[in-house]
Amino acid sequence: MLMFVIRRLIQAVLTVFGVMLLTFLLFRVVAGDVTADYVNPKLGAPAREAWRHKHGLDRPWYVQFWHHMENSVTLQGKSYQTEERLTTIIRERAGYSLALTLPGLVLGWISAMVISCFVAYYRDTWIDRLGVLLSVLGMCVPFLAYMILGQWLVFNLYPPAAWGLRYRGNIYLPIAISVIAGLGASVRFYRTIILDQISQDYVRTARAKGAPLTTILFKHVLRNCMLPILTNLIMAIPFLIMGSLILEKFFGIPGLGDLLISSITRRDVPIITGLTYLTALIYVISLLTTDLLYGVFDPRIRLS
Amino acid sequence: MTTAATDNMIADEQPAGRSLWSDAVRKLRRDPAAMVCFAVICVYAAVAIVAPWGLSGWAGSSNYDNIHQPPSAEYVLGTDIFGRSVFQETLLAANTSMTVAFMANVIAVPLGMLLGAIAGYYGGWVDNFIVWLFTTLASIPGIIRLIAIKFAFAGKVLFAGTWFEMNLDGMAGLYIALGVMSWVGTCRLVRAETMKIRQLDYCLAARSIGTGRFVTLLRHVLPNVAHIGIINFSLGFQGAISAEVTLSYLGLGVKDAPSWGRMIDSGKMDMVLGRWWELAAAVGATFIIILVWNIFGDRLRDALDPKLRNA
C-alpha cells in the first residue's frame, strides 16, 4: 500500500510539473508577446521595453520559466490589468462561483440519484423507457438553449430575477438551469451503473431468499454503486471553483469563470495562467484522492 | 481471429464473409434507428458540402429594410439583424460545424491511435512519457483546455504566404485546437487494448518469423484496434459539434463564417422581444445532429465491440 501511495504521489507531482510546462509553452511561447495590448503604440519602444522589464519579460527564458513555476506554486501571479495578486482575486471571486456550483452539484446529484433509482427500479417498463428517452433528449439539447429558455421563462414570470446579482435571490435561476441541464447525462450514467449491479448474482440470491426490494436496492445495490458514483462526484470538484464559465458570463455573476473569459479578451496572461493551473491542480488532487480511495477499498487496484 | 501463421496467409486466405466489419455493417443495416440516424447524418453532410456553393451570396445579401422579419413564405425562418435569410444561414453553418468536427477527429483519432499503440506496444520509458503527456493534457478540464489553446492561437497564421496558409483565428484554428486537445480518450483505450494484443499468439508468431517490431505494430496490432478508432471518431464528432457551438457562442470559435453558436449568441436577447426564429433554427439544427450522432454512435459501438455483442 505504501508503495502504491508513493508511486501515485510521484505521478501527481510529475503531472503538475507537466501542467506548468504546458501553460508556459501555450501562454508564453505560442501566444507570444502581449505588450502591444497594454502599452499604447504611440509611446514607442522605450515604454514597451519598460513595461516588459517591469513584468520580467526581458529576462532569459529559463529565468522566466523559474518565475512562472514560482508564481504557479504560490498562486502569486499579478494581473497585467489591475496589478492585483491572484490570491486576492480568488478570495474575492471564488465565493460567487461556489454559491452557484455547490448547490448545483448537490441538488443535481440528489435529483439524478432519485430519478435513476426510480427508473432502474421500473426497468423494462414504460417508465424506464420514458426515462431513458427523456434523458437522451435532455442530453442532446445544447446547454445554451437551457440557459436562454430558462431566462426567458423567468423573465415572463418575474423580470427582476432574470439577470445579474442585484438581488441575492437571482442565484436560484442559474442554479436551477445547471441542475436541469445536467440531469439527462447523470440519470443515464447512474442508471447504467445501477442496472449493472442489479443484474449481478448477489441480487438474485438476495431476492431468492426473500429480501424486500427496497432493502435490495438501498442496502446491496446502492452500496456497490458507491465507488463509481463517488468518483463521478469527486471529479466534479475541479469545476466547482471555476464555476460555470457560460452561466457566469451570461448572467453577469462575477465569479472566477467570468474572470477567465474576460481575461481572455483582455489578454491578461498571468490570470489565465494562474486559473488554468489552479483548475488543473485541483483536478490532479481529486484524481489522486479517487485513486487512493480505490486503493483502500479495492485491493485489486492496489496490487496491480 | 484466424490462425495467423504467416503474412501471406492473411493476405491470401481471408475467410469469406464473417469479419468484424461485415458483421457490424450487417447488424447496422438491420437496425432501423441506426439507418434513420445515418440518413440524417448524410443529409447534414450533403448540406455542408453543397451550401457554400449554392448560397455563396448570403454574406453580402444585407437588406436593411427587411431586418428581423418573422418567418414568411419568402423567408422560411425569417431574417436576422442584417435582413439576411436565417434559413440560409442555418444551412451555411452546417458547413462550419461538420468541417470543424470532421477535421478535429481526422487529427485527434489517428494521433490518439498511433500514440496509444506505440505506448502500449513498446512499454518502458516510451509508455511512461506518453502516459505523462496525456495525463498532463487531461488534467486541464474540458472547456478550459480549449479556451487556453484558442487564446494561444489568437492572431496567428500558420504557414503564412504558402499554399497551406491557415488562419488560426478561424475555422482551421478551431479544428486544430480541438484535434490537438481531444486525442486522450482514444489514446487511453488503444493503449490498454494494445497491451492485451501484444501478448497474443499471433503477435508472437509474427515476431518469431522475424517481423520487425514496428511492422508488427502496423500490420498486426493497429488493424485490431481500428474499431476503437471508429467508435471514438463517432463519439468525438458529436463532442466537437457541441464544442464548436459553445466556443463560437463565447466568441472564441469561428469568426469568419456562419455558425450555430454565433446565431445563438446573436439571438440570445431576441427571445425576450418575441424574435424566436434565429435561436430556434440554430438550437434545432444543433439538437438534431447531436441526437442522431448520439444514437448512431451507440449502435455503432454495439455493432463493433465484440465484447458487448455476446452479452
Side-chain angles (χ1 to χ4, degrees), chain A residues 11-12 14-23 25-32 34 136-137 139-145 147-149 151-153 155-156 159 162 235 238-239 242 244-246 249-250 257 260-261 263-265 267 269 272-273 275-277 279-284 286-287, chain B residues 128 131-145 147-156 168 238 241-242 245-252 260-261 263-265 267-274 276 279-280 282-295 298 311:
Chain A
Q11 275 170 6
L14 281 177
T15 310
V16 171
F17 175 76
V19 171
M20 290 184 202
L21 196 65
L22 185 70
T23 47
L25 282 176
L26 269 185
F27 300 138
R28 292 291 159 91
V29 181
V30 180
V34 295
V136 170
L137 290 180
M139 260 163 84
C140 296
V141 174
F143 184 79
L144 302 168
M147 192 172 69
I148 295 168
L149 284 180
Q151 191 195 36
W152 176 72
L153 280 177
F155 182 81
N156 283 339
M235 292 329 285
F239 296 95
M242 283 308 289
S244 166
L245 307 178
I246 301 166
K249 186 179 180 238
F250 185 72
L260 181 66
I261 304 254
S263 302
I264 299 273
T265 25
R267 303 183 65 73
V269 176
I272 305 168
T273 314
L275 289 179
T276 312
Y277 171 78
T279 333
L281 182 70
I282 299 172
Y283 183 89
V284 172
S286 312
L287 197 65
Chain B
N128 286 337
V131 170
W132 172 77
L133 198 66
F134 71 60
T135 326
T136 301
L137 261 186
S139 66
I140 304 175
I143 191 160
I144 297 174
R145 208 183 327 167
I147 290 180
I149 192 167
K150 278 300 286 176
F151 168 75
F153 278 177
K156 300 279 178 309
L168 290 186
Q238 69 186 59
I241 289 174
S242 17
V245 170
T246 310
L247 284 174
S248 298
Y249 165 82
L250 288 172
L252 296 165
W260 294 323
M263 286 168 74
I264 293 176
D265 183 37
K268 69 183 173 194
M269 292 301 161
D270 283 358
M271 271 302 276
V272 176
L273 302 167
W276 50 270
L279 195 68
V283 169
T286 317
F287 172 71
I288 292 171
I289 186 69
I290 291 180
L291 180 68
V292 295
W293 264 114
N294 208 319
I295 298 172
D298 270 4

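Residue numbers begin at 1 in each chain, while the letters A, B, ... track the order of the sequences. Computed from a predicted model, the values in this text were never measured in an experiment.
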Original post:
So what's closer than 4.5 Å to chain B heavy atoms on A/Met139: side chain, backbone, both or neither?
Top reply: side chain
Original post:
With respect to chain B, which residue among A/Leu22, A/Leu14, A/Val269 yields the maximal number of heavy-atom pairs within a distance under 4.5 Å?
Top reply: A/Leu14
**OP:** Below 4.5 Å from any heavy atom of chain B, which atoms of A/Ile264 appear? Answer side chain, backbone, both or neither.
**Re:** both
**OP:** Considering non-hydrogen atoms only, spot the tightest contact between B/Ala152 and A/Leu26 and give its length.
**Re:** CB-O, 3.3 Å
Subject >> Residues that B/Phe134 engages under ring pair (Phe, Tyr, Trp, His ring centres under 6.0 Å), provided they are two or more places apart >> reply: none
Original post:
Partners of A/Tyr283 by ring pair (Phe, Tyr, Trp, His ring centres under 6.0 Å), sequence neighbours excluded?
Top reply: none
Original post:
Which value, rounded to the nearest 0.5 Å, describes the distance between B/Ile264 atom CD1 and A/Ile148 atom CD1?
Top reply: 6.0 Å
Original post:
Closest approach of A/Val19 and B/Thr136, non-hydrogen atoms and distance?
Top reply: N-CG2, 3.4 Å
Original post:
Looking at side-chain heavy atoms only, is the closest gap between B/Phe151 and A/Arg267 below 4.5 Å?
Top reply: yes
Original post:
Given the options A/Ile261, A/Leu281, A/Leu137, which has more heavy-atom pairs under 4.5 Å with chain B than any of the others?
Top reply: A/Leu137
Original post:
Based on non-hydrogen pairs under 4.5 Å, which of A/Thr273, A/Val284, A/Ile246 is most in contact with chain B?
Top reply: A/Ile246
Subject >> Heavy-atom pair of closest approach, residues A/Phe239 and B/Pro141 >> reply: CZ-CB, 3.3 Å
Original post:
Looking at B/Leu137, B/Thr286, B/Leu250, which has the largest count of heavy-atom pairs under 4.5 Å with chain A?
Top reply: B/Leu250
Original post:
Does any heavy atom of chain A fall under 4.5 Å from the side chain of B/Ser242, the backbone, both, or neither of them?
Top reply: neither
Original post:
Which answer fits B/Ile288, side chain, backbone, both or neither, if we ask what part of it has an atom under 4.5 Å from a heavy atom of chain A?
Top reply: neither
Original post:
Side chain, backbone, both or neither: which part of B/Asp298 has a non-hydrogen atom closer than 4.5 Å to chain A?
Top reply: side chain
**OP:** Quick one: pull up CD1 in B/Ile144 and CG in A/Leu245 and give me the separation to the nearest 0.5 Å.
**Re:** 5.5 Å
Original post:
With respect to A/Trp152, which candidate in B/Met269, B/Met271, B/Lys268 satisfies the side chain to side chain contact (heavy atoms under 4.5 Å, CB included) definition?
Top reply: B/Met271
**OP:** Against chain B, label A/Leu21 side chain, backbone, both or neither, depending on which of its atoms sit under 4.5 Å from a heavy atom there.
**Re:** side chain
Subject >> A/Leu275 CG to B/Ile140 CD1 distance, which is reported to the nearest 0.5 Å >> reply: 12.0 Å
**OP:** First locate atom CD1 of B/Ile147, then atom OG1 of A/Thr276, and finally report the distance between them rounded to the nearest 0.5 Å.
**Re:** 9.0 Å
Subject >> Separation between SG of A/Cys140 and CD1 of B/Ile295, rounded to the nearest 0.5 Å >> reply: 7.0 Å
Original post:
Side chain, backbone, both or neither: which part of B/Leu133 has a heavy atom under 4.5 Å from chain A?
Top reply: neither
